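What follows is a single structure, written as structure tokens, with notes after it.
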Amino acid sequence: MLQFSQLSPSKIDAQSGVIYGVCVMSKGEAKGHNLQIDSTSLDQFLVLAKGHKDGVKVRFGENHDAKVDDTVGVLKNLRIENERVIADRHLLLSDSKCNKLVEMAEKMPNEFGLSAVADAEKEGKEFVSPLRFTALDCVDIVDSPAAT
């Protein structure tokens with residue numbers, strides 16, 4: 001889940017459509033899912049993300065029902081920093097939503113985020129169990145991210 005709260009205008013290159021240092025996922029509770037993101041979850045997510053040789057696709061649609069036409073860019077340079085998966089978001093300059101997404105990141109960074117579209121299982125039978133990723137399709141822009 002992407003959270004823009006760590007951004008400042010110096011980390012947004014509007015001309016090239018790159019938003020640097022976005023938080024994709026952080027260690028802690030995945031709100032509303034009774035799941036816990038732990039260090040193993042972050043490591044697994046990172047390995048799966050790095051398997052996307054052109055970057056992890058980012059879509060702008062509703063309720064994970066987005067289609068290829070809703071693709072607005074990719075996440076690149078994924079890494080783990082301070083118990084968070086961090087990435088640089090490269091927007092498609094030709095997409096009609098590019099300017100809007102840059103402006104949202106500049107003016108209302110805490111009002112939206114990313115949600116992973118992934119296959120995962122919970123490990124164990126505790127009420128809040130650690131999440132184990134098995135596949136990663138893409139990430140979607142959402143109003144209320146669960147894992148940041």
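Here the structure is a predicted model, which is why all the values come from computation and not from measurement.
- A distance of 11.0 Å separates CD1 in Ile86 from CG in Leu75, rounded to the nearest 0.5 Å.
- Considering all non-hydrogen atoms of both residues, Leu136 and Ala116 come closest at CD1-CB, 4.4 Å.
- Annotation: side chain of His52 is not in contact with side chain of Val74 (no heavy-atom distance under 4.5 Å).
- Under the side chain to side chain donor-acceptor pair (under 3.5 Å) criterion, the residue pairs touching residues 35-48 are Lys27-Ser39, Asp38-Ser41, Asp38-Arg132, Ser41-Arg132, with sequence neighbours excluded.
- Two residues are said to be in side-chain contact when any heavy atoms from C-beta on lie closer than 4.5 Å; Leu78 and Met25 fail this criterion.
- Put simply, the side chain of Ser26 never gets that close to the backbone of Arg84: no donor and acceptor are under 3.5 Å apart.
- For Ser96, there are no side-chain contact (heavy atoms from CB on, under 4.5 Å) partners two or more places apart in sequence or in a different chain.
- Rounded to the nearest 0.5 Å, atoms CE (Met104) and CG (Asn110) are 11.5 Å apart.
- Heavy-atom minimum distance, Leu91 versus Val102: CD1-CG2, 3.5 Å.
- For Glu103, the side chain to side chain donor-acceptor pair (under 3.5 Å) partners at least two apart in sequence or on another chain are Lys107.
- Note that CG of Asp69 and CZ of Phe60 are 14.5 Å apart. Values are rounded to the nearest 0.5 Å.
- Remark: Asp88 engages Arg79 in a salt bridge, criterion side-chain N to carboxylate O under 4.0 Å.
- When side chains are defined from C-beta on, Ile141 does not count as touching Lys97, because their heavy atoms never get closer than 4.5 Å.
- Of the inter-residue distances, the one linking Ile80 atom CD1 with Leu42 atom CG reads 5.0 Å to the nearest 0.5 angstrom.
- For the atom pair Ile12 CD1 and Gln15 CD, the distance stands at 14.5 Å (nearest 0.5 Å).
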